Structure formats: C-alpha cells, structure tokens
S.K.: 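The structure that follows is given in the form of structure tokens.
Predicted model, so just to flag it, every value in this text is computed and none were measured. Below, chain A is the first sequence line, B the second, and so on; all start at residue 1.
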Amino acid sequence: MNNKPQNVKGMRDHLPAAMIVRQHIIETMRRVFERYGFEPLQTSIVEHSETLDGKIGDDEKLIYRFETEGGRWLALRYDQTVPLARVVAQYQGQLIFPWRRYAIGPSYRGERPARGRYRELWQADVDIVGSRSPVADAEIIALLTDVLSELGFTGFTTLINHRQIIGGIARVAGLDDASAGGVYRAIDKYDKIGADGVREELLRGGVAAEAAERILALVTLKGPPEAVLGELSERLMGDDRAQAALVNLREIIGSVQAMGVDPARYTIAPQLARGLSYYTGAVFEAVVETPPMGSLLGGGRYDELIGLFAGRSIPTVGLAFGIERLHDIITELGIGPAQRAIADLFMTLFNPDLADASLGLANELRAAGLRVEIALDAREKLAKQFQYADRRAIPFAAVLGPDELEQGYVVLKDLRSGEQQRLPRAALADTVRATLA
RNA sequence: GUGCCUGUAGCUCAAUGGCAGAGCGCCUGACUGUGGCUCAGGAGGUUGUGGGUUCGAAACCCAUCAGGCACCCCA
C-alpha cells in the first residue's frame, strides 16, 4: 500500500465547482418533483442482502455484499426501487395511496467503470405507488420532460414502449418468453448497430430468417405515436396481451398530450427493451444524441415487484434519473448554472482601521439574504483581494473605504462586466439581486 | 467478467535507451483605492506505485493502482 492518497475505483470526489453543478441538478429536480406533489423519502444505502435477491435479474452479481462481524450478510443498494418496495411493504399502514414519492441519493454497482458509468452513482427516483391509472404513467413522462427542459436540454427524446409489445414481437416471431431474452437485447441495440446488425445478431441467436424480418419490420417503425400504434396494432393482430398494451399506450399518450407535453420530445419506440426484469407495463427512457452517453434516465411500470414484499399487488410506475450522466453531459454541453461561485458578493477589507466597518456591512448584506464572502487580511492590497474574488468567479465585489464612509455610500463592482457604481448601502443587496436574477 | 489503449509540473502535452522540456496556469514586481491585458523575474518533478532488465530507464519487461475505448450490461 503506497502512501499516496487516492480515490477508490469508480468512486468520484466532487470539488466545489462540480458540486455546484450537482446541486443545481438536484435542486431543479426537487423543484419539479414537488411541483407535481411528490414527497421526499430517504432510506439507508445498506439493506439486508436477501432483500435485494431475485429482483433485478442477471445484474445481481454486481451488488456489493459484505458480512458483518455477527455473520449477517448486508448489501449496498443497487438502486432505489427495491428499497422503495421494502418501505411500502413495511409501512403499508402509515402510507396513503396513491403515494407519490421521490428519493435522491447514491446507489452502488460493482461494474467496470467507463464514461458515464461509475460504481457509486446518484439517482433521483420518482414513483407513483398504488395506482394502475395510465394518468400516472403520463404524469411521470410529463415530469421527466419538465426536469430535462428545466435543466437546459433541448435535444432529448423520451422513448416509450411497453413490456407486452416487446413480448408480442417475440411471440409473433414464434418465440416463447423464456427464449426471447436474446431477441430483446438484439433489438435494443437497433440505434447502435442498425437493421443489418440486428438481423445478423438475431440470426446468430437462432431466430429463423422469416421471423427476423418480421421482428425488424416491427422495431423499425417510426413516426407520430398514433401512426406507430396503429401499425403495431395491425401487425400484432391476434396477440391479446399486445393489443391490451397498445390500448394502454394510447391512453397514456392521450393524457401526455392533454398535459401539454411537447410532442417533439417523446416517441413510441418498439425497439426499446429495458433490461430490468421487474417491468410489467409501459417502459421509457430518455436519450440525447450529443454527446453519446446512453440513456439519461429509465423507468416504467412494475406492478408486481412491491407485491413480492407486501404480499398483495401494489401497482407502481416510476423512473430513475442518472445524476452522474446528467452531470457529465451538462458539463460537456456547458449548460450548467450561470453562476459558478456560491458567494454572490465579495466584501473587501480596505485597511486594518476600516476592516470592522466592512464586517458590519457584510453582516447587513447577509441579513438581507445575499451570500457574502469577506476578505480575511485587511493588510492585503486591494488588487490582491479583487484578483482573488475574480478567480473565485464571485460576480460582485464591494469596497468600503474612507471616501465611502465619509460620504455615506458603498462602491459596488460587477466583476463580470468591470462596471462599478456608488450606491447607498441600503440599496446594495437589492441591486445585486436584481442584476443576478 | 473479457480484450485493448493511456498515466511525465496545477492543466494540456513534448522528450523512443543517454543532462526531464514547452505552452497555459501559479508566485513576485512594474501598479500604495480595483481583477482580466502587457512586460520582467521566479518557484514548481522520486516521470501513478512497486519490482526487474541495462553501464545508463519517462521509454523495455512483470505486477499493481487509476482513467479511457470496444464487448457484456446498464443510469
């Protein structure tokens, strides 16, 4: 073990410049979540190992598990959906359904780290627990559209599909549910490897040539939701489950439209095949074309998962935003918060004799709601103090010198534009606030 | 979990077996009531870490840690 400090693989440290972006993301989400009436929930990152067993399919090997001194097996949560199911089962009597809850925090996955992919990953989960209504599905879609829009994304698309359409596609190709996994994985790669690539992969997986063509014809459908749903309805004729799924999607889309969601931001995407095994109904995820970093969020309806814990069916729809990817993409696109510093204003100290006057002014400005950082060394040249404030990217600096004190004003300098003005001290806070807004 | 690439100053990179460098950044001054621009000077390195080969290693070999790419899978 060398003595050089180093972070753990796949785990990131976020210095203040990065944290300001992350807090901006989280605050934007909370604002939208609460606007839709969702309530906060926090649970431990540690769960009993068996709580996580058998819920997420093959990825179970990615769960971090450890044994306590007492021989008990615990695990770090892999996502916040299974813990939600546990909470709903455990506190059924205290919850009022339908229950809208959100949870923002870290989960842990023992994956190979890569771009946009980490072992400690923050997610923002939103779920509506205890409703089968397609309005609930629609509300989740409206909410995610608001979040991404308010984060400054303009070129994202939410892909919407349904578990029973995916299943129907496999069934019309003559495959049973058990052997369809490879088909799902193949068609989910459609955007990446194209029609020829999917065909190749299907044939290699033992799908008959004719069946492969039928699958391809279905998953390559594009267009307005009504057109795609109509086309799917014809091609999946005779498959009751798929037809019911199409009715459900029509209802969801109808509500989404009524909620005023921009039609350019979502599409019916038959090729979307989400990996988690617990989805039972609509599934969705949002992607941006640039930079290419997979999906920003994923979700869907899972009507049976909570029942595994609760002993009775509690239908639920929800999604998880991937905060790591959102953070990386927002940084790459430069669409983060405009203000890069926490402080709004830097209070200079003119000289040791006048320092106390500046401390008093700083106190006034803080009381008025400004975030104020003060210089600490009154002997330091004003030039150094300004340079420090500028490098910290603090938007404003204030000077309270002998002239100002004598004549009863304060100099306020906008460090971004270089302009400065003399103001009565009572007007300072409002001027800063008005300029920053 | 598999295969491959990368790691040199705070940052971006150069040096292909022979004295470890540049640009930007940083510090000081020109500038005793004001940052960015300019000029002059200065500091900063056990070349990720550990071992090996060699007269000699940043370079070659092994291991390890971290990052990235393609699979796998997913946020």
S.K.: Mind checking if E111(A) touches a base, just sugar-phosphate, or nothing, with heavy atoms under 4.0 Å?
M.R.: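 Base: the residue E111(A), judged by heavy atoms under 4.0 Å, touches a nucleobase.
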S.K.: Answer whether the closest heavy-atom distance between the side chains of K55(A) and F309(A) falls below 4.5 Å.
M.R.: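 K55(A) vs F309(A): side chains touch.
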S.K.: Which pairs count as salt bridge (charged side-chain N to carboxylate O under 4.0 Å, His left out) when at least one residue sits in residues 385-411 of chain A, sequence neighbours excluded?
M.R.: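 Matches after skipping sequence neighbours: E373(A)-R392(A).
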S.K.: With rounding to whole Å, what would you report as the distance between U47(B) and G7(B) at their P atoms?
M.R.: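 Between the two P atoms, the distance is 14 Å.
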S.K.: How many Å lie between CG on D390(A) and P on G35(B), as a whole number?
M.R.: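 Computing the D390(A):CG to G35(B):P distance gives 10 Å.
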S.K.: Scan nucleotides 28-31 of chain B against the protein and return all N/O pairs shorter than 3.5 Å with their distances rounded to 0.1 Å.
M.R.:
from: U28(B); atom 1: OP1; to: K384(A); atom 2: NZ; distance (Å): 2.8
from: U28(B); atom 1: OP2; to: K384(A); atom 2: NZ; distance (Å): 3.4

S.K.: Taking U28(B) as the reference, what is the distance to A43(B) when you measure between their C1' atoms (whole Å, please)?
M.R.: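 Here A43(B) and U28(B) have their C1' atoms 10 Å from each other.
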S.K.: Quick one, L365(A) and R425(A) - any side-chain contact, counting heavy atoms below 4.5 Å?
M.R.: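 SC-SC contact between L365(A) and R425(A) ruled out.
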S.K.: Search all heavy atoms of V228(A) against all heavy atoms of K222(A) and return the closest pair with its distance.
M.R.: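 Here V228(A) and K222(A) meet closest at CG2-C, 3.6 Å.
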S.K.: Are F346(A) and Y388(A) an aromatic pair, judged by ring center distance below 6.0 Å?
M.R.: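 Yes - the distance between ring centres of Y388(A) and F346(A) falls below the 6.0 Å cut-off.
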S.K.: Show me the protein contacts with nucleotides 63-68 of chain B, counting only N or O atoms at under 3.5 Å.
M.R.:
from: C65(B); atom 1: O2'; to: Q6(A); atom 2: OE1; distance (Å): 2.6
from: A66(B); atom 1: OP1; to: K9(A); atom 2: N; distance (Å): 3.0
from: G67(B); atom 1: OP1; to: G10(A); atom 2: N; distance (Å): 2.9

S.K.: Nearest whole Å is fine: how far is U34(B) P from L354(A) CG?
M.R.: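 Going from L354(A) (CG) to U34(B) (P), I get 15 Å.
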S.K.: How close do L349(A) and A375(A) get, heavy atom to heavy atom, and via which atoms?
M.R.: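 Result for this residue pair: CD1-O, 3.2 Å.
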S.K.: Classify the side chain of Q80(A) and the base of A75(B) as holding, or not holding, a donor-acceptor pair under 3.5 Å.
M.R.: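 Side chain to base: no pair below 3.5 Å.
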S.K.: Rounding to an integer number of angstrom, what distance separates U8(B) and A59(B) when you compare their P atoms?
M.R.: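 Looking at atom P only, U8(B) and A59(B) are 13 Å apart.
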S.K.: At 4.0 Å (heavy atoms only), tell me whether L121(A) reaches a base, stays on the sugar-phosphate, or touches nothing.
M.R.: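 L121(A): base contact, heavy atoms under 4.0 Å.
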S.K.: Around R22(A), counting heavy atoms of other residues, nucleotides and ligands shown, do more than 12 lie under 6.0 Å from its CZ?
M.R.: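 Check passes, neighbour count above 12.
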S.K.: Taking G29(B) as the reference, what is the distance to A22(B) when you measure between their C1' atoms (whole Å, please)?
M.R.: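 Comparing C1' positions in A22(B) and G29(B) gives a spacing of 24 Å.
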S.K.: Whole Å only: how far is the CE atom of M347(A) from the C1' atom of U34(B)?
M.R.: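 Going from CE in M347(A) over to C1' in U34(B) covers 13 Å.
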S.K.: On a whole-Å scale, what distance lies between the P atoms belonging to G35(B) and C31(B)?
M.R.: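 Here G35(B) and C31(B) have their P atoms 13 Å from each other.
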S.K.: Would you check if the side chain of S131(A) reaches a backbone N or O of S133(A) as a donor-acceptor pair within less than 3.5 Å?
M.R.: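 It does hold such a pair.
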S.K.: Does CD in E419(A) sit with more than 12 non-hydrogen atoms of other residues, nucleotides or ligands closer than 6.0 Å?
M.R.: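 Not buried by this count: 12 neighbours or fewer within 6.0 Å.
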S.K.: So L412(A) and V432(A), do their side chains get closer than 4.5 Å, heavy atoms only?
M.R.: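 Heavy-atom side-chain distance check passes, below 4.5 Å.
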S.K.: Reckon K189(A) has a side-chain N or O less than 4.0 Å from the OP1 or OP2 of C72(B)?
M.R.: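 Result: yes.
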S.K.: Please state whether the phosphate of C74(B), meaning OP1 or OP2, lies under 4.0 angstrom from any side-chain nitrogen or oxygen of R109(A).
M.R.: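 No, no such contact exists.
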S.K.: Classify the ring geometry between Y279(A) and Y302(A) as parallel (under 30°), tilted (30 to 60°) or perpendicular (over 60°).
M.R.: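 Ring orientation of Y279(A) relative to Y302(A): perpendicular.
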S.K.: Side chain of P402(A), heavy atoms from C-beta onward: which of C72(B), G33(B), A75(B) has the nearest atom to it?
M.R.: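 Among the listed nucleotides, the one closest to the side chain of P402(A) is G33(B).
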S.K.: We want to know whether D344(A) and Q339(A) form a side-chain donor-acceptor pair, criterion being a heavy-atom distance below 3.5 angstrom.
M.R.: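 Yes, because at least one side-chain N or O of D344(A) sits under 3.5 Å from a partner of the opposite role on Q339(A).
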S.K.: Check whether NZ of the Lys or CZ of the Arg R265(A) lies under 6.0 Å from the centre of the six-membered ring of F156(A) and within 45 degrees of that ring's axis.
M.R.: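 Positive - R265(A) is close enough to the ring of F156(A) and near enough to its axis.
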S.K.: Decide yes or no on side chain to side chain contact (heavy atoms under 4.5 Å, CB included) for V46(A) and L76(A), but give the supporting numbers first.
M.R.: CA-CA 5 Å; V46(A) 183; L76(A) 300 184; 4.1 Å; yes
S.K.: Among residues 403-421 of chain A, which residues get a heavy atom nearer than 4.0 Å to RNA chain B?
M.R.: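 The answer is D403(A), E404(A), V411(A), K413(A), L415(A), R416(A), G418(A), Q420(A).
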S.K.: To the nearest angstrom, how far is F346(A) atom CZ from G33(B) atom P?
M.R.: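 Spelled out: CZ on F346(A) to P on G33(B) is 18 Å.
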S.K.: Classify the nucleic acid contact of A383(A) as base, sugar-phosphate or nothing, counting any heavy atom under 4.0 Å across all strands shown.
M.R.: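 A383(A): backbone/sugar contact only, no base atoms under 4.0 Å.
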S.K.: Rounding to a whole Å, what distance do you find between K61(A):NZ and C72(B):P?
M.R.: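 Those two atoms, NZ and P, are 13 Å apart.
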S.K.: Kindly indicate, with the supporting measurements, whether the criterion side chain to side chain contact (heavy atoms under 4.5 Å, CB included) is fulfilled by R100(A) and Y36(A).
M.R.: CA-CA 9 Å; R100(A) 292 171 169 85; Y36(A) 279 77; 5.7 Å; no
S.K.: Tell me if the NE2 atom of H14(A) is crowded by more than 12 foreign heavy atoms within 6.0 Å.
M.R.: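 Yes, because the 6.0 Å sphere around NE2 of H14(A) holds more than 12 heavy atoms from other groups.
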S.K.: Give me the distance, rounded to whole Å, that separates C19(B) from G33(B) when you measure between the C1' atoms they each carry.
M.R.: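 About 50 Å, rounded to a whole number of Å.
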S.K.: F350(A) near the nucleic acid: base, sugar-phosphate alone, or nothing, with a heavy-atom cut-off under 4.0 Å?
M.R.: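 Base, at least one base atom sits under 4.0 Å.
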S.K.: Can E60(A) and Y78(A) be said to form a side chain to side chain donor-acceptor pair (under 3.5 Å), step by step?
M.R.: CA-CA 9 Å; E60(A) 226 166 271; Y78(A) 177 92; over 6 Å; no
S.K.: Could you measure between the two C1' atoms, the one in C24(B) and the one in G36(B), and give it in whole Å?
M.R.: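 Between the two C1' atoms, the distance is 15 Å.
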S.K.: Nearest-Å distance, CZ (R422(A)) to P (U34(B))?
M.R.: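 After rounding, the reported distance stands at 15 Å.
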S.K.: Let me see the working for L326(A) and F153(A) under side chain to side chain contact (heavy atoms under 4.5 Å, CB included), right down to the final yes or no.
M.R.: CA-CA 10 Å; L326(A) 286 168; F153(A) 288 96; 3.7 Å; yes
S.K.: Return the value, rounded to whole Å, for the distance between atom OH of Y278(A) and atom P of C74(B).
M.R.: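 Taking atom P of C74(B) as the reference, OH of Y278(A) is at 11 Å.
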S.K.: Tell me the stems RNA chain B sits in, counting at least three consecutive Watson-Crick or G-U wobble pairs, each under 3.5 Å on both distances.
M.R.: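 Stems (3+ consecutive pairs) listed as B:1-7 with B:65-71, B:10-13 with B:21-24, B:26-30 with B:38-42, B:48-52 with B:60-64.
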S.K.: Could you measure between the two P atoms, the one in C71(B) and the one in U12(B), and give it in whole Å?
M.R.: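 Going atom to atom, P in each nucleotide, I get 26 Å.
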S.K.: How long is the line joining CG of L296(A) and P of C74(B), in whole Å?
M.R.: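 Nearest whole value for this atom pair: 17 Å.
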S.K.: Using a cut-off of 4.0 Å between protein heavy atoms and nucleotide atoms, how would you tag nucleotides 8-13 of chain B 5' to 3' with B, S and -?
M.R.: ------
S.K.: Using the closest heavy atom to pick a nucleotide of RNA chain B for each, name whichever of I193(A) or A320(A) lands nearer the 5' end.
M.R.: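 Here I193(A) is the residue nearer the 5' end.
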